[in-house]
Chemist: 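Below you'll find the structure I mean.
Computed from a predicted structure; not experimentally measured. When a ligand or atom number is given, it counts from 1 through the structure's own listing order. Hydrogens, waters and symmetry mates are skipped; everything else that's a heavy atom, side chains included, is used.
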Amino acid sequence: MTSLRNARITAVGSALPARLVPNSWFESFLDTSDEWIRSRTGIRARHFVGEGESTASLGTDAARRALEAAGVPAEAVDLIVVATLTPDRPMPSAATFVQAMLEISCPAFDLNAACSGFVYGLSVAAAQVQAGAAERVLVIGAESLSRVLDFTDRATCVLFGDGAGAALVEPSDEPGILGSVLELDGTQADLLTIPGGGSADPPSEETLAGRRHFIKMASGQAVFKRAVTGMAGACGELLEKAGMRPEDVALVVPHQANERIMMAVANRLGVPHEKVFVDVAEVGNTSAASIPIALDHAWRSGRLAPGDVVLTTAFGAGLSWGANLVRWTAPAPAPAEGA
Ligand code: ACO
């Protein structure tokens, strides 16, 4: 039996739509306020897709930035995994369009684990590389959540944003992706769901009239509590498996759902708040895209250095949750031309 190889992240990249939507935009048609949204979530603004932008186009832009930073040509990629709950079409996958836009030839598929999609995707990519089944895998988290938001429901529409992030995973001498924990409680699917428009409740005048094509959250507080216990539990389990302590972690990069959730997870883990990377203020909750966008923002702003132990963790619909433990190996990216 051949032994497994090591896998590492060699670069990350991200892309946000051009249109920036501040909290004040919602005040014009909803009974809400910038103060309510900021104090409950930490969000000040988010980006929404416009004409010519889609989940696949954002994912492609993020992938190009990761490839450019790694100095790897797109043709060298031999697998694309796109984590998304908002593919451009029900069929074929968003990964199909990313592959076509990158003008390459390789297998590509979507993975839907809602907001936990990147954590699941990174685990799949690492396993492919470790087993020798792939050499260079693009793991992309990409979403156009504004397309599935009910703009009459103030409890959900203010929370989410659009965007994409990508990580390039390659073989390495030393361990880079140290491990993952993936969890799911399928009995709680109704807590956070898009109930209509799928094969169980196909698109019809009734599904449209009932607004069943939009995200529904039965209880924000229940999701909040499960998110904190789920993410803290997965992180604790993963650190224990790796023989590490919270003090060994240089940066926690959590799913950017809500600043209060992230800080509650840090408190449970015993990690100081300065070691938690937060960019939810300008990005909002971008579901599967949030961790790779945050990793890219952290990396390009100098918050990640080679050797750092990074803990990512996510929670979302399913209910799904999990964590990845990564030893960061990528050197700081060269500044963009003209910067
Ligand atoms: N503006 C003003 N008031 C609002 C808004 C809004 N945008 N949304 C809800 N409210 C009102 C409610 O109607 C309620 O009013 P009432 O008391 O008159 O009934 C009041 O605010 C309090 O509502 P709660 O739901 O108790 O508010 P809470 O303090 O829990 O904050 C929030 C709500 C921000 C949704 C919080 O529960 C939360 O962050 N939960 C996590 C949910 C989440 O992040 N979901 C995203 C997907 S899952 C994930 O990514 C982890």
Chemist: Can you pull out the closest protein heavy atom to atom 30 (O) of ligand 1? Residue, atom name and distance to 0.1 Å, please.
Modeler: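 Protein heavy atom at minimum distance: Gln221 CG, 3.2 Å.
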Chemist: Can you confirm whether some protein heavy atom lies under 4.0 Å from atom 12 (C) of ligand 1, or whether none does?
Modeler: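 True for atom 12 (C) of ligand 1.
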Chemist: For the residue pair Ser93 and Thr96, confirm or rule out a side-chain donor-acceptor distance under 3.5 Å.
Modeler: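 Yes, a side-chain donor-acceptor pair sits under 3.5 Å.
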Chemist: Could you find the nearest protein heavy atom to atom 44 (O) of ligand 1 and give me its residue, atom name and distance?
Modeler: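 The answer is Ala257 CB, 3.9 Å.
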Chemist: Which atoms from ligand 1 have a heavy atom of Arg260 less than 4.0 Å away?
Modeler: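 It comes down to these atoms of ligand 1: 29 (O), 31 (O).
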Chemist: Taking only heavy atoms of Val223 into account, list the atoms of ligand 1 that are under 4.0 Å away from them.
Modeler: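 Counting atoms of ligand 1 from 1, those under 4.0 Å from Val223 are 42 (C), 48 (S).
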Chemist: Identify the protein heavy atom lying closest to atom 51 (C) of ligand 1, giving its residue, its atom name and the separation to 0.1 Å.
Modeler: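 Nearest protein contact, heavy atoms only, for atom 51 (C) of ligand 1 is Phe315 O, 3.3 Å.
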Chemist: Grab the two heavy atoms, one from Ile140 and one from Ala63, that are nearest each other, plus how far apart they are.
Modeler: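 Residues Ile140 and Ala63, closest heavy atoms: CD1-CB, 4.0 Å.
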Chemist: Is there a donor in the side chain of Thr41 and an acceptor in the side chain of Asn258, or the other way round, less than 3.5 Å apart?
Modeler: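 Per modelled atom types, Thr41 and Asn258 side chains form no pair under 3.5 Å.
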Chemist: Strictly by side-chain hydrogen bond (donor to acceptor under 3.5 Å, both in side chains), give each pair with a member in residues 155-170 just once, sequence neighbours left out.
Modeler: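 Those involving residues 155-170 are Thr10-Glu170, Arg136-Glu170, Ser146-Asp162, Asp153-Thr156.
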Chemist: Between Phe151 and Phe26, what is the ring plane arrangement, given parallel below 30°, perpendicular above 60°, and tilted in between?
Modeler: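 Judged by the thresholds at 30° and 60°, the geometry between Phe151 and Phe26 is parallel.
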Chemist: Among protein heavy atoms, which lies nearest atom 42 (C) of ligand 1, and at what distance?
Modeler: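 Atom 42 (C) of ligand 1 sits closest to the protein heavy atom Met217 SD, 3.6 Å.
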Chemist: Just wondering, are more than 12 heavy atoms of other shown residues or ligands nearer than 6.0 Å to CD in Glu240?
Modeler: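 Counting neighbours around CD of Glu240, 12 or fewer heavy atoms of other residues, nucleotides or ligands fall under 6.0 Å, so no.
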Chemist: At the 4.0 Å heavy-atom cut-off, does Phe160 count as touching ligand 1?
Modeler: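 Within the 4.0 Å threshold, so yes.
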Chemist: Which residue holds the protein heavy atom closest to atom 39 (O) of ligand 1, what is that atom called, and what is the gap in Å?
Modeler: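 Looking only at protein heavy atoms, the one closest to atom 39 (O) of ligand 1 is Asn258 ND2, 2.6 Å.
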Chemist: Number the atoms of ligand 1 from 1 as they appear, then name those within less than 4.0 Å of a heavy atom of Val158, with their elements.
Modeler: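 This gives 7 (N) as the contact atoms.
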Chemist: Minimum distance, heavy atoms only, to atom 22 (C) of ligand 1: which one of His255, Arg40, Met262 is it?
Modeler: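 Answer by nearest heavy atom: Arg40.
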Chemist: Quiz question: by atom type and distance under 3.5 Å, do the side chains of Thr55 and Ser144 form a donor-acceptor pair?
Modeler: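 Yes, because at least one side-chain N or O of Thr55 sits under 3.5 Å from a partner of the opposite role on Ser144.
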Chemist: Any donor-acceptor pair under 3.5 Å linking the side-chain atoms of Arg8 with those of Thr329?
Modeler: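 Yes, side-chain donor-acceptor contact under 3.5 Å.
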Chemist: Geometry only, no angles: is Arg154 polar-contacting ligand 1 at N/O separations under 3.5 Å?
Modeler: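 Yes, since at least one N or O of Arg154 sits under 3.5 Å from an N or O of ligand 1.
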Chemist: Check whether any N or O atom of Gly220, backbone or side chain, sits under 3.5 Å from an N or O atom of ligand 1, and answer yes or no.
Modeler: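 Yes: some nitrogen or oxygen of Gly220 is under 3.5 Å from one in ligand 1.
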Chemist: Tell me the protein heavy atom at minimum distance from atom 47 (C) of ligand 1, and give that distance in Å.
Modeler: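 Result for atom 47 (C) of ligand 1: Leu192 CD2, 3.5 Å.
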Chemist: Which of the numbered atoms in ligand 1 are under 4.0 angstrom from any heavy atom belonging to Ala155?
Modeler: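 Those of ligand 1 that fall under 4.0 Å from Ala155 are 8 (N).
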Chemist: Taking atom types as modelled and ignoring hydrogens, do the side chains of Thr312 and Asn324 form a donor-acceptor contact shorter than 3.5 angstrom?
Modeler: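 Yes - a donor-acceptor pair under 3.5 Å links their side chains.
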Chemist: With a 4.0 Å cut-off, strictly under, does atom 19 (O) of ligand 1 pick up any protein heavy atom?
Modeler: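 Looking at atom 19 (O) of ligand 1, one finds that no protein heavy atom lies closer than 4.0 Å.
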Chemist: Identify the protein heavy atom lying closest to atom 46 (C) of ligand 1, giving its residue, its atom name and the separation to 0.1 Å.
Modeler: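 Looking only at protein heavy atoms, the one closest to atom 46 (C) of ligand 1 is Asn285 ND2, 3.5 Å.
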Chemist: Measuring from the heavy atoms of Asp31, does anything fall under 4.0 Å of ligand 1?
Modeler: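 Yes; Asp31 lies near enough to ligand 1 that a heavy-atom distance drops under 4.0 Å.
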Chemist: Taking only heavy atoms of Cys115 into account, list the atoms of ligand 1 that are under 4.0 Å away from them.
Modeler: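 Once the distances to Cys115 are compared, the set is 50 (O).
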Chemist: Compare Trp36, Trp321, Phe224 and give the one whose heavy atom is closest to atom 33 (C) of ligand 1.
Modeler: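 Heavy atom nearest to atom 33 (C) of ligand 1 belongs to Trp36.
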Chemist: Give me each pair satisfying ring-ring contact (aromatic ring centres under 6.0 Å, His included) with a member in residues 250-276, each pair once, sequence neighbours excluded.
Modeler: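 Checked against ring-ring contact (aromatic ring centres under 6.0 Å, His included) - neighbours excluded - no pair reaches residues 250-276.
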Chemist: From the options Leu192, Asn285, Ile291, select the one residue that forms a side-chain contact (heavy atoms from CB on, under 4.5 Å) with Cys115.
Modeler: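 The side-chain contact (heavy atoms from CB on, under 4.5 Å) with Cys115 is passed solely by Asn285 among Leu192, Asn285, Ile291.
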Chemist: Work out which heavy atom in Ala227 is nearest to a heavy atom in Val265; give both atom names and the distance.
Modeler: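 Scanning both residues completely, I find the closest heavy atoms to be O-CG2, 4.5 Å.
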Chemist: Between Arg44 and Trp25, is NZ or CZ placed under 6.0 angstrom from the six-membered ring centre and within 45° of the ring axis?
Modeler: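 No, cation not above the ring by the 6.0 Å, 45° rule.
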Chemist: Is atom 37 (O) of ligand 1 near the protein, in the sense that some protein heavy atom lies at less than 4.0 Å from it?
Modeler: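 Protein heavy atom within 4.0 Å of atom 37 (O) of ligand 1: present.
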Chemist: Look at atom 1 (N) of ligand 1 and say which protein heavy atom is nearest, naming residue and atom and giving the distance to 0.1 Å.
Modeler: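 In this structure, atom 1 (N) of ligand 1 has Thr32 OG1, 2.6 Å as its nearest protein heavy atom.
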